[in-house]
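Position 1 is the first residue of the sequence, and the numbers go up from there.
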Amino acid sequence: MNAINLAASDFELFGVPASFSQDIEALAARWRELQRQVHPDRFAAEGAAAQRIAAQWSARINQAWQRLRDPVARASYLCELGGVSVNAENTTAMPPQFLVQQMELREALEAAQAPAALDALARTAAAQRAQLEGEIMRYIDEERNFSAAAASVRALMFLRRFESDIGRRRAQAPD
């Protein structure tokens, strides 16, 4: 456990570059490796104190894994590391074009009755998500423009809620 630094960033902890673009399978493999290193059972012979420390390490590694594997959380974290808070709770201002687009999608979801209509909305949302993730990757990894990235992260949060709502509508739809 000595090789692990509690104060390290999630990226340092996992030994990967601090970038939006990540190989999720490689991150998962690294997470499993780190968890094996700090599993409390490995420290049973060293006593309760060592096991408590190992449990703290395990929790820290899990926290980093949760943040790194999720695009919204990873982008938000990178913005914070870059000195810009996404501040989604307090910053709701979005470009008018985006808001109009979101209202149109919401209206289409409200009107959607058939599974095919929900599928079409899901495809539209997936395409928008891919576009936003591409913007975020460019803003963070290439331009280091964390303010622009934060705005795109907030838009991605809107879209994620919309995709969740599509899932709820699908679950409520009669077979």
Side-chain angles (χ1 to χ4, degrees), residues 9-34 61-173 175:
S9 76
D10 295 351
F11 298 99
E12 293 167 332
L13 183 63
F14 274 66
V16 297
S19 64
F20 181 73
S21 179
Q22 293 291 329
D23 179 342
I24 301 303
E25 289 179 21
L27 284 174
R30 180 67 176 142
W31 170 70
R32 287 188 297 274
E33 177 186 327
L34 289 169
I61 292 165
N62 282 334
Q63 174 194 44
W65 165 239
Q66 294 301 318
R67 197 166 18 213
L68 293 180
R69 76 181 190 166
D70 176 54
V72 170
R74 183 172 62 248
S76 297
Y77 182 58
L78 282 160
C79 287
E80 288 174 20
L81 291 175
V84 176
S85 174
V86 170
N87 200 14
E89 301 82 28
N90 300 321
T91 305
T92 57
M94 300 296 289
Q97 179 183 357
F98 176 79
L99 293 175
V100 168
Q101 182 183 55
Q102 291 303 301
M103 287 185 346
E104 289 171 353
L105 286 173
R106 292 277 169 198
E107 289 171 2
L109 179 59
E110 189 65 33
Q113 298 296 321
L118 293 173
D119 291 345
L121 285 171
R123 285 190 300 276
T124 298
Q128 289 180 0
R129 181 175 17 86
Q131 179 184 355
L132 283 169
E133 288 178 356
E135 285 178 13
I136 292 167
M137 183 169 39
R138 186 181 80 244
Y139 289 142
I140 291 175
D141 295 353
E142 297 170 19
E143 298 175 14
R144 310 303 284 173
N145 184 342
F146 297 104
S147 295
S152 292
V153 170
R154 287 190 297 274
L156 189 56
M157 290 171 158
F158 269 85
L159 192 56
R160 180 179 273 181
R161 281 190 295 276
F162 179 70
E163 288 180 306
S164 293
D165 291 344
I166 292 171
R168 280 191 283 283
R169 281 291 302 273
R170 282 183 169 152
Q172 295 170 351
D175 291 333

Flag side-chain contact, heavy atom, 4.5 Å: Phe11 against Ser19: no

Arg160: partners by side-chain hydrogen bond (donor to acceptor under 3.5 Å, both in side chains), with sequence neighbours left out: Asp70

Pairs touching residues 137-148 that satisfy salt bridge (charged side-chain N to carboxylate O under 4.0 Å, His left out), sequence neighbours left out: Arg138-Glu143

Spacing of CD1 belonging to Ile136 relative to OG belonging to Ser21, to within rounding of 0.5 Å: 12.5 Å

Pi-cation contact, Tyr77 with Arg74 (under 6.0 Å, within 45°): no

From CG (Asp10) to CD (Gln63), nearest 0.5 Å: 6.0 Å

Spatial distance of atom CE (Met137) from atom CG (Leu78) [nearest 0.5 Å]: 12.5 Å

Which atom of Val84 lies closest to which atom of Ala150, heavy atoms considered: CG1-CB, 3.9 Å

Minimum-distance pair of heavy atoms, taken over all atoms of Ala75 and Val153: CB-CG2, 3.4 Å

Show me, pair by pair, the donor-acceptor contacts under 3.5 angstrom made by side chains of residues 97-110, not counting sequence neighbours?
{"residue": "Arg106", "atom": "NH1", "partner": "Asp165", "partner atom": "OD2", "Å": "2.3"}
{"residue": "Arg106", "atom": "NH2", "partner": "Asp165", "partner atom": "OD2", "Å": "3.1"}

Interatomic spacing from CZ in Arg169 to CD in Gln113 - rounded to 0.5 Å: 6.0 Å

ring-ring contact (aromatic ring centres under 6.0 Å, His included) partners of Phe162, counting only residues at least two apart: none

Non-hydrogen atoms of Ala112 and Leu118 that approach each other most closely: CB-CD2, 3.8 Å

Passing candidate, side-chain contact (heavy atoms from CB on, under 4.5 Å) with Leu159, options Arg154, Gln128, Gln131: Gln128

Where Glu135 and Ser152 come nearest, the two heavy atoms and their spacing: OE1-OG, 3.0 Å

Selection residues 125-134 - residue pairs positive for salt bridge (charged side-chain N to carboxylate O under 4.0 Å, His left out), sequence neighbours left out: Arg129-Glu163

Heavy-atom pair with the smallest gap, counting every atom of Leu34 and Leu13: CD1-O, 3.7 Å

List, one per line, each side-chain donor-acceptor pair under 3.5 Å for residues 25-32, sequence neighbours excluded.
{"residue": "Arg30", "atom": "NE", "partner": "Phe14", "partner atom": "O", "Å": "3.3"}
{"residue": "Arg30", "atom": "NH1", "partner": "Glu33", "partner atom": "OE2", "Å": "2.7"}
{"residue": "Trp31", "atom": "NE1", "partner": "Asn62", "partner atom": "OD1", "Å": "2.8"}

